[in-house]
Amino acid sequence: MGKIIIEARINELAPRDENPNVPYLPAEIVRDAKACHDAGASILHYHGRTADGAPEHAASFYLETNAGIRAQCPILIHPTLGYVANDADAMGRFAAVEEMMKDAGTAPDFAPMDVGSVNVDWWNPAENRFDTTDLIYKNSTETLLHFAERITHHNLKHYLVSWNVSFTRQIEAFLKMGVIPEPAHILIVLTDGIMLAGHPGTPAGLDAQTAFMPNDHRVTWTASNYKGDLLLLTEKIIKDGGHISIGLGDYPYAEYARDGRPPTNADIIARVVEQARALGREPAT
Ligand code: ZN
């Protein structure tokens with residue numbers, strides 16, 4: 001089995017109440033990028049955040065952050081397009097990437113495409129009700145074709161995201177159309193706890209996704225667990241030949257505290273590296 005690609009998903013829109021080590025501001029993200037790279041991660045995924053933790057979409061945030069990361073280490077950069085927090089039109093959602101591409105020193109390596117649409121309301125399992133009822137993560141085919149063309153135009157790598165099998169089928173359609181080049185890298189987003197939009201973060205949930213990977217094409221797959229503990233699945237993913245996308249953005253990992261100190265993103269990456277090496281897979285650089 002080949003090397004394992006480990007992606008650090010350092011912040012998403014996660015709060016600091018369960019783990020204060022979630023980075024928000026550019027300097028904090030740059031510091032985490034270096035630490036995660038040194039621990040064995042080869043891709044960094046981050047969201048722009050304000051000092052209060054709110055979503056921040058200003059292009060200046062990405063320019064400062066990417067330049068800072070480039071000055072520190074060669075980790076591959078995968079910024080967000082803003083998820084549901086940036087509900088603009090296709091060109092508006094891609095505007096920050098267009099700004100990043102004006103200077104090689106601020107260019108990322110990937111731009112994401114969530115290849116489908118899904119309800120992303122917050123489920124409250126303690127009270128059996130939804131805390132929100134109107135959050136749709138909307139990615140029309142027209143929007144996705146715009147992203148695919150712009151990502152190719154800029155010679156970036158398409159970072160393909162699948163929340164369920166219908167997303168995976170649309171990825172396969174795009175591969176058949178030739179709008180996404182091979183090899184394709186696909187993130188399987190499992191979800192648990194307060195998020196129901198993906199497959200459950202269980203062996204069965206993962207297997208139901210990997211069964212439909214478009215293996216007639218050259219693809220690699222990685223998996224994350226939004227709002228759930230991916231460390232419960234990492235041994236299976238490593239043995240199944242997948243790659244791993246993990247970090248405090250998806251889950252606080254507070255139960256993995258040592259000496260009362262909750263883990264940092266780099267601590268989580270180091271755990272995965274140790275497990276992968278024990279199972280015979282070196283981390284990719
Ligand atoms: Zn994200």
Side-chain angles (χ1 to χ4, degrees), residues 5-16 19 21-26 28-30 32-33 36 41-50 53-59 61-62 65-66 69 75-88 93-97 100 108-122 135-139 143-144 147 151 156-164 167 171 185-195 197-199 201 221-228 230 243-253 265 268-269:
I5 301 165
I6 302 172
E7 175 186 28
R9 301 175 62 81
I10 60 170
N11 63 353
E12 299 300 313
L13 299 176
R16 286 176 170 162
N19 188 329
N21 295 319
V22 178
Y24 289 170
L25 298 173
E28 297 165 353
I29 293 171
V30 170
D32 247 28
C36 289
S42 49
I43 302 176
L44 181 88
H45 174 62
Y46 75 90
H47 287 236
R49 307 282 294 271
T50 67
E56 169 63 271
H57 305 306
F61 187 102
Y62 297 100
T65 304
N66 290 3
I69 295 168
I75 198 165
L76 298 173
I77 301 174
H78 166 213
T80 187
L81 298 185
Y83 184 50
V84 285
N86 184 15
D87 192 21
R93 288 173 63 192
F94 209 74
V97 177
M100 292 178 231
D109 297 285
F110 298 87
M113 294 173 54
D114 288 59
V115 190
S117 301
V118 69
N119 289 352
V120 288
D121 286 303
W122 297 112
L135 293 178
I136 302 174
Y137 188 24
K138 186 178 161 193
N139 296 284
T143 293
L144 292 167
F147 291 169
I151 294 168
L156 295 171
K157 185 74 183 161
H158 303 72
Y159 191 99
L160 305 167
V161 183
S162 172
W163 291 64
N164 60 55
F167 284 54
I171 290 170
H185 191 59
I186 302 173
L187 170 67
I188 296 169
V189 177
L190 307 170
T191 68
D192 265 331
I194 58 174
M195 176 55 64
H199 288 214
W221 62 268
T222 182
S224 64
N225 191 0
Y226 191 40
K227 301 303 176 189
L230 189 69
H243 303 277
I244 290 176
S245 299
I246 193 167
L248 303 183
D250 287 336
Y251 187 73
Y253 292 98
N265 278 301
I268 301 297
I269 299 301

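Whatever order the structure lists ligands and atoms in, that order sets their numbers, starting from 1. These numbers were taken from a predicted model, which means no experiment stands behind them. The basis for the numbers below is simple: all heavy atoms, side chains too, and nothing from hydrogens, waters or symmetry mates.
Cation-pi geometry between Arg16 and Tyr24 is met: under 6.0 angstrom from the ring centre, within 45 degrees of the axis.
Residues Phe110 and His158 keep their aromatic ring centres 6.0 Å or farther apart.
Residues Ile246 and Ile269 share a closest heavy-atom pair of CG2-CD1, 4.0 Å.
Around the Zn ion (ligand 1), the protein N, O or S atoms closer than 2.8 Å are Glu12 OE1, Glu12 OE2, His45 NE2, His47 NE2, listed by chain and residue number.
Using cut-offs of 30° and 60° for the angle between ring planes, the Trp163 and Tyr226 rings count as perpendicular.
Rounding to the nearest 0.5 Å gives a distance of 4.0 Å between CD1 of Ile77 and CG of Asn66.
Classification of Arg9 and Asp250 as a salt-bridged pair holds, one side-chain N sitting under 4.0 Å from a carboxylate O.
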